[in-house]
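Single-structure report; data block below.
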Amino acid sequence: MKIATWNVNSINARLDHVLTWFREASPDVAALQEIKCVDEKFPTEAFESLGYNVAVHGQKTYNGVALLSKYPMEDVHRGLPGDETDEQARYIEALIAAPRPIRVGGIYLPNGNPVDSEKFPYKLGWFERLNARARSWLALEEPLALIGDYNVIPQPRDCYDPVAWAGDALFRPESRQALQALTHLGFTSAVEARSPDPHAYTFWDYQAGAWPRDHGIRIDHILLSPQAADRLLACEVDREVRGREKPSDHVPVIAVLAD
DNA sequence: ATGGTAGACCTTCTA
């Protein structure tokens with residue numbers, strides 16, 4: 001089973017680019033972030049024609065997440081529990097009804113910049129809610145994948161210039177610590193476990209020639225519960241996609257689990 | 001050199 005995550009930076013501005021990749025890579029399950037549209041504007045039929053079931057948690061202009069699955073999806077939850085006042089569409093989860101079922105959470109974690117604004121505590125609070133959700137799912141000891149744009153650079157080697165990123169919400173100790181705390185609940189990072197690339201960047205800014213200079217960062221992650229990690233065969237970052245026409249600033253990350 | 005790009009949407013916010 002191929003499980004993918006991709007921040008597409010507007011699904012409708014990038015539909016041809018995204019569909020081309022889906023035809024090539026043909027993931028069984030995919031989580032999309034930053035669809036930047038309400039549910040009714042999501043191109044559901046285009047994905048259905050490729051054989052996917054579609055679950056969307058959209059929002060006007062900003063954020064928005066979706067799950068696509070070749071298998072039926074059950075027990076779909078939209079929004080991260082723990083704060084009824086949170087109106088940002090950043091989380092969707094479903095039980096993928098494959099022959100060996102797996103629960104998948106699609107994550108678009110808040111950016112958190114600037115750190116002296118309310119956005120940084122929002123990021124850390126969101127992380128606490130995510131970790132609480134993860135803890136309760138892990139207690140079931142079932143296959144689970146929490147995948148998406150975490151907006152966290154885990155280690156200095158995961159960015160081209162750690163000094164340039166010091167102080168940024170994506171690299172602040174509080175952010176890295178929250179990701180580490182989540183991982184230490186019992187998750188395996190698929191990229192760290194299986195990617196041959198020691199850097200494995202997943203994002204290159206549109207500005208300042210970041211892509212041609214390979215000024216990237218690794219912020220899109222696939223975290224697997226022990227029952228899912230036991231089946232991990234391979235993981236890759238599809239960086240070639242960044243060099244195509246009209247790309248997203250993120251590229252897909254794919255994990256392959258034994259069926 | 002404090003720049004630069006992209007998307008949604010309508011003037012500025014988010015990333």
Side-chain angles (χ1 to χ4, degrees), chain A residues 5-21 31-44 46 56-66 79-80 85-92 106-127 130 147-154 158-172 174-176 178-179 201-221 237 239 241-253:
Chain A
T5 178
W6 194 6
N7 180 323
V8 295
N9 186 21
S10 172
I11 186 61
N12 286 309
R14 214 160 322 283
L15 189 56
D16 289 344
H17 176 85
V18 172
L19 291 177
T20 295
W21 182 81
L32 303 183
Q33 300 88 39
E34 283 208 271
I35 61 172
K36 292 188 172 178
C37 66
V38 293
D39 293 12
E40 305 79 59
K41 296 276 181 66
F42 189 86
T44 299
V56 181
H57 183 35
Q59 179 182 337
K60 189 181 178 186
T61 308
Y62 301 122
N63 310 316
V65 288
L80 186 62
T85 67
D86 185 1
E87 294 180 341
Q88 299 189 28
R90 295 178 173 278
Y91 185 79
I92 186 169
I107 287 153
Y108 179 45
L109 218 129
N111 178 295
N113 283 306
V115 291
D116 59 356
S117 74
E118 74 289 344
K119 292 181 180 183
F120 192 52
Y122 173 66
K123 177 178 196 163
L124 298 178
W126 206 95
F127 230 132
L130 175 63
I147 68 181
D149 178 0
Y150 279 76
N151 269 317
V152 179
I153 301 163
D158 298 313
C159 59
Y160 72 96
D161 185 359
V163 174
W165 284 91
D168 191 283
L170 279 61
F171 198 50
R172 278 282 291 253
E174 298 95 324
S175 305
R176 295 170 56 192
L179 178 61
Y201 302 146
T202 64
F203 168 94
W204 296 259
D205 201 288
Y206 289 121
Q207 304 182 62
W211 166 245
R213 296 168 190 219
D214 198 24
H215 287 180
I217 56 177
R218 187 169 71 87
I219 56 176
D220 300 271
H221 307 302
V237 177
R239 67 179 276 145
V241 172
R242 186 62 177 80
R244 297 184 185 183
E245 282 294 305
K246 213 171 184 298
S248 171
D249 39 9
H250 296 249
V251 296
V253 183

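Source: prediction; values computed, not measured. Residue numbering restarts at 1 for every chain, and letters A, B, ... go by the order of the sequence lines.
- Going from atom CZ of A:Arg90 over to atom P of B:dT14 covers 10 Å, rounded to whole Å.
- When each of A:Gln33, A:Arg90, A:Lys123 is paired with A:Leu109, the side-chain contact (heavy atoms from CB on, under 4.5 Å) condition holds for A:Lys123 and for no other.
- For A:Lys36, the side-chain hydrogen bond (donor to acceptor under 3.5 Å, both in side chains) partners at least two apart in sequence or on another chain are A:Asn9.
- Regarding A:Leu170, its CG atom lies at a distance of 10 Å from the P atom of B:dA15, rounded to whole Å.
- One can place OH of A:Tyr122 at 13 Å from C1' of B:dT14, the figure rounded to the nearest angstrom.
- Across all strands, A:Arg213 comes closer than 4.0 Å to no nucleic acid atom at all (heavy-atom distances).
- The same atom, C1', is picked in B:dA15 and in B:dG4; the two are 14 Å apart, to the nearest Å.
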Validation: residues 159-167 of chain A side-chain donor-acceptor distances under 3.5 Å, sequence neighbours left out:
residue	atom	partner	partner atom	Å
A:Asp161	OD1	A:Val163	N	3.2
A:Asp161	OD1	A:Ala164	N	3.4

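- Counting any heavy atom pair closer than 4.0 Å across all strands shown, A:Tyr108 reaches sugar-phosphate atoms only and no base atom.
- Proximity of A:Leu32 to A:Phe42: side-chain heavy atoms (C-beta onward) are separated by under 4.5 Å at one or more points.
- Partners of A:Asp149 by salt bridge (Lys or Arg N to Asp or Glu O under 4.0 Å), not counting sequence neighbours: none found.
- A straight line from CG of A:Asp149 to C1' of B:dT14 spans 13 Å, rounded to a whole angstrom.
- Backbone-only contact: A:Lys119 has heavy atoms under 4.0 Å from sugar-phosphate atoms and none from a base.
- When the side-chain contact (heavy atoms from CB on, under 4.5 Å) test is applied to A:Asp39, the partners found at least two apart in sequence or on another chain are A:Val56.
- Straight-line distance between the P atoms of B:dT11 and B:dT5: roughly 24 Å, to the nearest whole Å.
- To the nearest whole angstrom, the two P atoms, one in B:dA6 and one in B:dA1, are 26 Å apart.
- In this structure, A:Ile217 atom CD1 and B:dA15 atom P are separated by 13 Å, rounded to whole Å.
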Practice task
Do nucleotides 1-9 of chain B as a string where each nucleotide becomes B, S or -: B if the base has a protein heavy atom under 4.0 Å, S if just the sugar-phosphate does, - if no protein is that close.
Solution key: ---BBSSSS
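- B:dT14 atom C1' lies 14 Å from atom CD1 of A:Ile219, rounded to whole Å.
- A gap of 13 Å separates the C1' atoms of B:dT14 and B:dC9, to the nearest Å.
- Taking atom CD on A:Gln59 and atom P on B:dT14, their separation rounds to 11 Å, with Å as the unit.
- Scored by the salt bridge (Lys or Arg N to Asp or Glu O under 4.0 Å) test, A:Arg172 finds A:Glu174 as partners (sequence neighbours excluded).
- Atom OH of A:Tyr150 is separated from atom P of B:dA15 by 18 Å (rounded to the nearest Å).
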